[in-house]
Amino acid sequence: MTEIPTDGCEVCELLKTLEAEGRESRDQSMEVDARVRYRRHVREAHRREVPLPS
């Protein structure tokens, strides 16, 4: 996941953790859901865009 400076935002940290847990447990649904929720949160709460993976 692309790192976006969010000044220690607890929601961002939680969503990054959920994505990592999904990746480690090979739960693609959990991983993708966390990534989508992270992108949405960053856009709405921090007014930034997370670039899509290339």
K.L.:
My understanding is that only residues two or more places apart in sequence, or in another chain, count here; which of them pass salt bridge (Lys or Arg N to Asp or Glu O under 4.0 Å) with R37?
P.N.:
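Checked R37 against salt bridge (Lys or Arg N to Asp or Glu O under 4.0 Å); zero matches.
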
K.L.:
About how many Å separate CD of E24 and CZ of R26, when rounded to the nearest 0.5 Å?
P.N.:
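Rounded to the nearest 0.5 Å, the CZ-CD separation comes out at 11.0 Å.
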
K.L.:
Crowded around R40 CZ? As in, over 12 foreign heavy atoms under 6.0 Å?
P.N.:
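It does not: R40 CZ has 12 such atoms or fewer within range.
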
K.L.:
Are L14 and V32 grouped together when hydrophobic residues (ILVMFWY) are joined by side-chain heavy atoms under 4.5 angstrom apart?
P.N.:
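Hydrophobic grouping puts L14 apart from V32.
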
K.L.:
Are R39 and E49 close enough that some pair of their side-chain heavy atoms sits under 4.5 Å apart?
P.N.:
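In short, these two side chains touch, coming nearer than 4.5 Å.
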
K.L.:
Side-chain heavy atoms under 4.5 angstrom apart, residues restricted to Ile, Leu, Val, Met, Phe, Trp, Tyr: same cluster for L18 and V11?
P.N.:
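They do share one cluster, since a chain of ILVMFWY contacts under 4.5 Å joins L18 to V11.
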
K.L.:
What distance do Q28 atom CD and R35 atom CZ have between them, rounded to the nearest 0.5 Å?
P.N.:
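Nearest 0.5 Å value for the CD-CZ distance: 9.5 Å.
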
K.L.:
Looking at every non-hydrogen atom in both residues, tell me the closest pair between H41 and C12 and how far apart they are.
P.N.:
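For H41 versus C12, the nearest heavy atoms are CD2-SG, 3.4 Å.
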
K.L.:
S29: which residues meet the side chain to side chain contact (heavy atoms under 4.5 Å, CB included) condition with it, sequence neighbours left out?
P.N.:
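Per chain and number, S29 pairs via side chain to side chain contact (heavy atoms under 4.5 Å, CB included) with D27, D33.
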
K.L.:
Checking side-chain contact (heavy atoms from CB on, under 4.5 Å) for the pair R43/R48: CA distance, chi angles, key distance, verdict?
P.N.:
CA-CA 5 Å; R43 185 181 314 115; R48 298 181 183 189; over 6 Å; no

